[in-house]
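These numbers come from the heavy atoms of this one structure, side chains and all, not from hydrogens, waters or symmetry mates.
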Amino acid sequence: MDLKKSSIRAMVLLLISLACVSLIVPSLAQSNIGSDYMNIDVNIHDGYAITTVEEKLDNTGNSSVTDKFQFLIPEGAFMSAFSITIDGEEYQADILENEEAQQKFAEAVSSGRTAGLLETRDTELFSYSLNFEANQSIIVKLTYEQALARTMDEYEYLQYLQSNHVVEDLSVTVDISSSTDILSVETPGLETDISYPSTDSAKVEYSSEGLQDSDMTIVFKTENTDSDGEMLFYEINGTGYFMHIFSPTADELGTSPLNKDIIFVIDKSGSMDGMKIEQVREAFSSIITDLPENDRFNIVFFDSDDMPYSDEILMANEDNKAQAASEVLGTDSWGGTNINDALVEALEMFYAKSDNVPVIVFLTDGEPTEGVTSTAVIRQNVLEANNVDAAIFSIAFGNEYSYDFNFLQALSLENKGIAVYFEENSEASAGISDFYETISTPLVTDLVFTYDEGTNVVITGKDHLFAGSEAIILGNYDEGASVITAVADGSTGDGDYTSEHKFSVQTMDDNSFIPRLWAYNTIRDKLDMMKVEGETDELVSEVTALSLVYGFVTPYTSFFVEIPQVEEPEVDDSDMEDFDSLGSDEEMVVDMVVNEVEEAMDESMPLEEPSEDYAEEESPGFGMILALSMFGFAMFCSKIKRQ
């Protein structure tokens, strides 16, 4: 018996021993990934949210396939866990440096093993790749964490309800708890079940057959802490972690809100034509109309040139506001984008000896194209011109590819502000107005926090405290400390402000999230520093080290998971002995079947290599299946004959 026939005989015996073969027509096996369900569980405690998304995915094709999925998480969130479950066994991903993770995944894919890679190239856009075996189901579980900002007395949690495949069953459960009472919970635009198990907890539940067109937004209000704030503690591995929540009201501070000198720097270049300029007119005319009378303001329009509305800052009386709002409504768009001259012009308008808080609200939809076009030089010029320490809040507007958001973030971060962005849609005008409202009422400026027992202190937000917002400060302390004294210094409308309070150290299991929140904000702080200083070796090393210790996916770290390889079972020699002991009649039948299989295999061999983008694999031909069926029938007859 030649080697080829011997191999085919062994293959035939193995196939028959595995399963009965049905007669079917030839078909193509497609690489088709479907989703059975998606379960989203969220736990929010004192504004720190941990979200777990679990989804069951099925490869319904007859061949292995590698698919890549992309998804959004909210701004400021970090991915913190990734696992895949197969046949009831869960495999947790390891956090690795990017290069190592990518190399391991490439090796797994080339070997046909099941593996997953989760990485990011942006703080909000994540992707994960999965290598599916044929007809395999995989449960994917992703966890991300974020610190929610409190603005206008409210927290807002956003959950994207999007997928690149059809989800048949969706369920969302959100548990909210707080150190102070929860006053209200709403889910605008979405019908949900909301319950309040206690004064300091709430629960939101939602389910549907498939995904909705809109995402889920949860808005909830909590009661303020007292004027000195509240401090939470947790200790682990010999290190203490504290979280100081500072959110006094104007009444608790015993002062009135600070007055502002505010200048709106508005892009009216040619790219703003159409819906953009209409939404800017609507938003800023309304904002100017609502300015408090004790504020002062001005507007600097710019395209290829800068065009101040007035040569000096104006009092926000009714006449000045009405005329300025009318000017905004009548503005048109054309020309290039001269960012440098517009910002420098605005900064030179502030009064050096004013008691008002200097603020710039800067809106643009594009990159600089006129005058100084180097973003590095623009940042340098703005810093040199900002001799009054004005806070610059940047609004990126429109298509994300039309503006340099990294530049706008760096510009704002090094000038006591933040940068946000809004897409060009029907809700943009309201979004711009809502953002302005969060910075419209400063209570305390130049805030500095010190702690007698605190080290490695990091503060969320900036050194200005606005009405309805809060400052969260995190740090370490020695495990043996019994009291931590917190001192807050700043300036209010009535002069210098100082708050000093002694907090007794009392650790609680419910505060186990604090070490991760500290690491999360420390990483965020260093990533922000990179936007200003660049990717220095020291900052990259610090971010990478913290990410590896605490398990966060960042631009320098990724999750990798692989299913252990199962060894193939050895062929039992007794099967071949049984085959060799067949009589002459049975041997003749087997020879006939082997010849049929051999011909079927020759017919199914591809004439050329398939293209790379062709992800389909041809199923066994009808002739081969018929031959196997004939063999099974022959073996059955042989067995009857022997009996």
Side-chain angles (χ1 to χ4, degrees), residues 258-269 272 277 280-281 283-285 287-288 291 295-316 320-321 323-325 327-328 331 333 335-375 377-397 403-404 407-420 432 435-436 439-440 442 445 462 464:
L258 289 155
N259 299 322
K260 304 185 299 296
D261 284 343
I262 185 165
I263 299 177
F264 303 98
V265 180
I266 301 175
D267 186 344
K268 58 180 286 294
S269 60
M272 290 288 293
I277 199 66
V280 167
R281 291 171 186 150
F284 281 93
S285 61
I287 288 170
I288 290 169
L291 286 173
D295 283 359
R296 291 188 294 236
F297 78 99
N298 202 354
I299 310 166
V300 176
F301 298 104
F302 72 95
D303 44 47
S304 300
D305 301 302
D306 58 282
M307 293 150 280
Y309 168 68
S310 171
D311 292 336
E312 60 181 2
I313 296 179
L314 304 170
M315 290 301 300
N320 287 340
K321 290 191 295 183
Q323 292 175 23
E327 184 74 15
V328 171
T331 192
S333 56
T337 309
N338 191 335
I339 290 174
N340 183 84
D341 289 0
L343 288 174
V344 171
E345 174 83 16
L347 287 166
E348 290 175 349
M349 291 181 177
F350 288 115
Y351 301 124
K353 297 182 179 180
S354 173
D355 292 330
N356 290 7
V357 179
V359 176
I360 285 179
V361 176
F362 166 49
L363 180 142
T364 184
D365 78 327
E367 298 178 352
T369 61
E370 298 283 346
V372 179
T373 57
S374 165
T375 55
V377 174
I378 293 173
R379 285 171 52 192
Q380 176 181 305
N381 291 344
V382 168
L383 278 173
E384 290 176 355
N386 192 4
N387 52 27
V388 295
D389 288 333
I392 300 178
F393 296 94
S394 299
I395 300 174
F397 187 36
Y403 51 76
D404 185 347
F407 156 60
L408 296 177
Q409 284 181 306
L411 176 75
S412 291
L413 286 169
E414 59 194 359
N415 288 279
K416 295 188 174 183
I418 59 173
V420 296
I432 293 171
F435 169 69
Y436 168 75
I439 61 169
S440 62
T445 62
K462 299 302 160 191
H464 291 0

What distance separates Asp404 CG from Glu367 CD, expressed to the nearest 0.5 Å? 5.0 Å
For a 4.5 angstrom cut-off between non-hydrogen side-chain atoms, does Phe284 reach Ile432? yes
For Ile266 and Val280 the tightest heavy-atom approach is CG2-CG1, 3.7 Å
Heavy atoms only: give me the nearest Ser269-Ser333 pair and the separation to one decimal. O-CB, 3.2 Å
Looking at Lys416 and Ile392, would you say the former's side chain and the latter's main chain have a donor-acceptor pair under 3.5 Å? no
Measuring from atom CD1 of Ile262 to atom CZ of Phe297, what distance do you get when rounded to the nearest 0.5 angstrom? 10.5 Å
Using side-chain heavy atoms (C-beta onward) and a distance below 4.5 Å, is Phe301 in contact with Phe264? no
First locate atom CG of Asn259, then atom CG of Asn356, and finally report the distance between them rounded to the nearest 0.5 Å. 5.0 Å
Does Asp295 reach the main-chain N or O of Lys260 with its side chain, forming a donor-acceptor pair under 3.5 Å? yes
Taking side-chain hydrogen bond (donor to acceptor under 3.5 Å, both in side chains) as the test, write out the residues that go with Ser354, two or more places apart. Asp261, Arg296
Within the 4.5 Å heavy-atom criterion, are Val382 and Asn415 side-chain neighbours or not? yes
Val344 side chain near Glu348 side chain, heavy-atom distance below 4.5 Å: yes
Donor-acceptor contact below 3.5 Å, side chain Ser310 vs main chain Ile313: no
Measure from the side-chain N and O atoms of Thr373 to the backbone N and O of Thr369, and report whether any donor-acceptor pair falls under 3.5 Å. no
May I ask you to decide if Ser412's main-chain N or O and Ser394's side chain share a donor-acceptor pair within less than 3.5 Å? no
Short question: side chain of Asn320, backbone of Leu314 - any donor-acceptor pair under 3.5 Å? no
Under 3.5 Å donor-acceptor, Thr445 side chain and His464 backbone: no
Please name the pair of heavy atoms, one in Pro358 and one in Val388, separated by the smallest distance, quoted to 0.1 Å. CG-O, 3.6 Å
Non-hydrogen atoms of Ile339 and Gly366 that approach each other most closely: CD1-O, 3.9 Å
Between Ile360 and Phe350, is there a side-chain heavy-atom distance shorter than 4.5 Å? yes
Would you check if Glu312 and Asn298 make a side-chain contact, meaning some heavy-atom pair closer than 4.5 Å? no
Separation between CD of Gln409 and CD of Glu414, rounded to the nearest 0.5 Å: 12.0 Å
Looking at Asp306, Asp305, Asp303, which hits salt bridge (Lys or Arg N to Asp or Glu O under 4.0 Å) with Lys268? Asp303
Test item: Ile299 and Ile263 side chains (from C-beta on) under 4.5 Å apart, heavy atoms: no
Which of parallel (below 30°), tilted (30 to 60°) and perpendicular (above 60°) describes Phe362 and Phe302? tilted
For Pro442 and Val357, the nearest pair of non-hydrogen atoms, with its separation, is CG-CG2, 4.2 Å
Does the side chain of Ile439 come within less than 4.5 Å of Ile418's, by heavy atoms? no
Atom OG1 in Thr364, atom CZ in Phe407: separation rounded to 0.5 Å? 8.5 Å
Could you tell me the separation between the CD1 atom of Ile395 and the OH atom of Tyr403, rounded to the nearest 0.5 Å? 11.5 Å
At their closest point, which heavy atom of Val265 faces which heavy atom of Ala342, and how far apart are they? CG1-CB, 3.9 Å
